[in-house]
Amino acid sequence: MSSDEKPSAPRSLAEALRARDDASLAALLRARPDLVTPVPTDLTQLATRAGTRASVVRALEHLDRFTLQTAEALAVAAEPAAYEELLGLMAGDARNAAVVAALPGAVAVLREQALLWGDDDRLRLVRTARELLAPSPQHPSPTGLGPSVREATAGMSPGRIQEIVTAAGLASTHDSVSAVTALASLFSDRRRMGALLAEAPAESLEVLDRLVWGPPYGQVTADPAARLRWLLDRGLLLPTAPGTVVMPREVALHLRDGHAHRTPEPVPPAVEPAATRRPQVVDAAAAGQAYTALATVEELLKDWDEGGPAVLRAGGLSQRDLKRTAVALDLSEPMAAFWVEVAYAAGLIASDGEADERYAATPFFDEWVERPPAERWVLLAQAWLAGTRTPGLIGGRDVKERTLSALGPGLDRSAAPEVRRRVLTLLAGLPEGTAPTAESVLARLGWERPLRGPQRDDDLRSRLARWTLSEAELLGITGRGALASQARALLGAAAHPHGPVTDQGTGSTQDAGSTQGPGDKLPFRHHAVTAHAPGPLSPAEQAVAAAAAVRLLAPLLPEPLDHVLLQADLTAVAPGPLHRPLADVLGVLADVESKGGATVYRFTPGSVRRALDAGRSASDLHAFLAEHSRTPVPQPLTYLIDDVARRHGHLRVGAASAYVRCDDDAMLNEILADKRAAALRLRRLAPTVLAAQADPAALLDGLRAMGFAPAAESAEGDVLITRADAHRSPPRTAPEPVPEGPPVPDGTLLSAAIRAIRAGDLASTAPRKPAEDAMAQAPGALPRTSPAETLATMQAAVLTGEAVWIGYVNAEGSASQRVIAPVRVEGGFVTAYDHTADEVRTYPLHRVTGVAELADDEA
């Protein structure tokens, strides 16, 4: 073929794919990763897989609204359709300028994703996409258009068709085919159709107005009214079933001025600002909330230090345990469930795996709390961003009407990470310090990933977007509704220096690094970008982004303090976050009374006894308070510590089942006389010893409830020190996100896949010499030759240096076709350069089903 000769139009999707370059194939496999798993053997198999229902449905679900509208218009156009016909359906008779500018980009996206093939004069949707989008009585088209005249009159009697043609003012014909063609031509002619409708009664036009934008079907009686009879006689309404009529597609398009859709949407809706604040204010507010997030998670895990709630038989937390956790954290139950799920996603919580299974902190929690606060926050934020578990679903019901519980099954939604990242990317496209309106964010997401059908405010993606906005505020990713600087860095600003920006004229997001010619239109450029929206960061990019976020957040977090302010009312005020050793000791010595910017601790006899049980002496506590208080130690606090220490350990409890011993027999008499001791079932063994049928822990709790300060003792009679040793689960990894379909292949996999597909296509399409023996198989089948012929042909190919076509069955029994150039044949093996694999390989001859010579290249 000469260089000036135009290549022939493709006759199938496989031929269209065969004409693509490697970059175009890589873009297809990146946009539709399900096509590369497993790697197709050749381009014909790739085309077949691209046309399967599941793959096409998935591809349609990832189109933006205008591109989907373009596919819907093609589904109601003639097949094949010329670009001008498609333009008329999308832009109408008035040729909407925005649609005219955006349509080439939409067609390019459909063609790139193998949903559309053919040149501009013969555009074809893949068959499955057309079946999904074309109108039918059971599944009306999203355009609201009905069947064409030809489809609606199928099965109608020839006599009735001639009557309609005559009533419409057309000459009768000798056959139904020409009559239907004439009628369709009339309805498609704007001038003649206008003249016909000018004669219609006003009541008949009202009927058409009710059906024009769909649904196009209506009900009629056996004896229709005059206004309906006028329409039925002229074919403006055609019967489809007894009592049902439909408006033909050509009639509706005339009344719509050629529009397939009532409202084409070539430009995405802008994300509207709700408020604008100084970036410093936003960052400070987000940092304050980030610190609160860290404190909440830490408090949650400390509350579960001695073993958290029990694991339900079906998995998850019970509603009662969730309520207790919410009370302990002073939060609402939905917020407590959110923090539990965040800690679980970060790998800080897991079940302990014991017979009496309970939730507990993981060993990673001890490592996490020792890290700097900014690093701890980044770990939480990254876990939330990538996690597929959706706390907003907690309390709802699954498909089997079972309640969804925190930490339980059924909370994974594979779309969650993509929606979270996209919402935050839209916020990043606004000027710094700008908070968007939730409605505009939802409208933008609805345009970028529309539902095939009526758009609803309660669909999963809309709910995920609303939850993302509220959860981002709780985590400190946003401050006062605007994206914080540290969150911008975490999203990958360091890895994508030319990240999303917002065009002030249209609000469309585009790539700041893209180039645009003087004749390019903005909507077209937008479509090219949305087709290749950047996905999640690679591990290396995540590390860079995390380091940048830590650098930005660290200076905004409060510095930990090494002191408290002791008050005369037995309280201590911590005016800020405390150093961890101070916070740990104070958390044992006192109870937290209130939290906020300053934490108030209260000293009680029980809290002081807790510190003494942990092995501290009264002198230790006095020295600790004197060292860390900026105010003098109040006298009431000194008296409280001395009083509790004087009584602490006067009673000793050990295991008999349990016993109580005390040198003061009067105190034992007091205990026996107390009615509250009846449940302990005590009896005197000796003047200084009481035995109980309760276990030591229950006996300790009972005596403490009666106002005593007993101490536990060991079998040797020594006081047991009960330090705050935490219960931990075995080492656990964080839950793996549930992916939304196959992952996007990386560059290495794409290169290898394309090379294998090209090589396999070469093997399957290479011209072969016609077989001369009866063992030859049909085209596409593996070649079949006897072992002697196979050996002789291989040896001849070694001498001539020619390539041959072979059939090969590997050790797993998989058959394939290959084009090889034999180099050596010996010992039952052939060593050859395999054009299919693009490398030198050795094959056992007994696994070669047959060999055939390739035809000479006539070119």
Side-chain angles (χ1 to χ4, degrees), residues 1-52 55-56 58-60 62-63 67 70-71 74 79-83 86 103-130 514 524 527-533 742 744-767 780 817 819 835-838 857 859:
M1 183 174 63
S2 65
S3 59
D4 296 332
E5 186 179 347
K6 183 180 178 180
S8 59
R11 295 171 296 177
S12 66
L13 177 59
E15 287 192 9
L17 295 178
R18 199 164 283 124
R20 292 191 181 192
D21 58 19
D22 288 354
S24 179
L25 285 179
L28 168 62
L29 298 179
R30 192 178 294 110
R32 299 176 64 178
D34 56 299
L35 300 182
V36 78
T37 308
V39 177
T41 57
D42 53 34
L43 289 169
T44 300
Q45 189 179 89
L46 176 63
T48 302
R49 192 178 296 174
T52 58
S55 182
V56 170
R58 177 178 171 81
L60 291 175
H62 285 72
L63 297 177
T67 306
T70 303
L74 278 167
E79 188 180 28
Y83 181 83
L86 173 62
L103 189 59
V107 171
V109 170
L110 292 173
R111 186 178 275 129
E112 178 184 279
Q113 297 197 20
L115 295 170
L116 171 70
W117 59 277
D119 297 333
D120 283 352
D121 57 343
R122 297 180 64 82
L123 297 173
R124 294 178 183 269
L125 275 180
V126 295
R127 185 181 303 278
T128 307
R130 190 175 187 88
S514 63
F524 177 84
H527 270 282
V529 173
T530 55
H532 305 287
V744 177
D746 58 22
T748 303
L749 176 58
L750 281 177
S751 298
I754 291 172
R755 187 175 66 179
I757 293 171
R758 292 281 193 202
D761 201 59
L762 171 65
S764 63
T765 59
Q817 305 178 47
V819 174
H835 291 274
T836 307
D838 195 20
D857 187 358

### Task
Using a 4.5 Å cut-off on heavy atoms from C-beta on, say whether the side chain of Val36 contacts that of Ile757.
no
### Query
Does any non-hydrogen side-chain atom of Leu116 lie less than 4.5 Å from one of Thr70?
no
### Query
Closest approach of Pro10 and Trp117, non-hydrogen atoms and distance?
O-CZ3, 3.4 Å
### With sequence neighbours excluded, residues passing salt bridge (charged side-chain N to carboxylate O under 4.0 Å, His left out) with Arg11
Glu15
Pair up each side-chain donor or acceptor in residues 122-129 with any protein partner under 3.5 Å, not counting sequence neighbours, and list the distances.
{"from": "Thr128", "atom 1": "OG1", "to": "Gly51", "atom 2": "O", "distance (Å)": "2.4"}

### Candidate pair Thr44 and Arg18, rule side chain to side chain contact (heavy atoms under 4.5 Å, CB included), full reasoning
CA-CA 9 Å; Thr44 300; Arg18 199 164 283 124; 3.3 Å; yes
### Query
Side-chain contact, heavy-atom cut-off 4.5 Å: Leu35 with Arg58?
no
### Message
Test your reading of the model: is there a side-chain donor-acceptor pair from Asp119 to the backbone of Asp121, 3.5 Å cut-off?
### Response
no
### Query
Tell me, do Leu29 and Leu46 make a side-chain contact under 4.5 Å, heavy atoms counted?
yes
### Task
Kindly indicate whether the side chain of Leu17, heavy atoms from C-beta on, has any atom under 4.5 Å from the side chain of Leu28.
yes
### Query
Quick one: are Glu79 and Leu74 in side-chain contact, heavy atoms under 4.5 Å?
no
### Query
Under 3.5 Å, side chain of Arg20 to main-chain N/O of Ala26, donor-acceptor pair present?
no
### Summary
Residues passing the side chain to side chain donor-acceptor pair (under 3.5 Å) test with Ser55, sequence neighbours excluded, are Arg32, Asp34
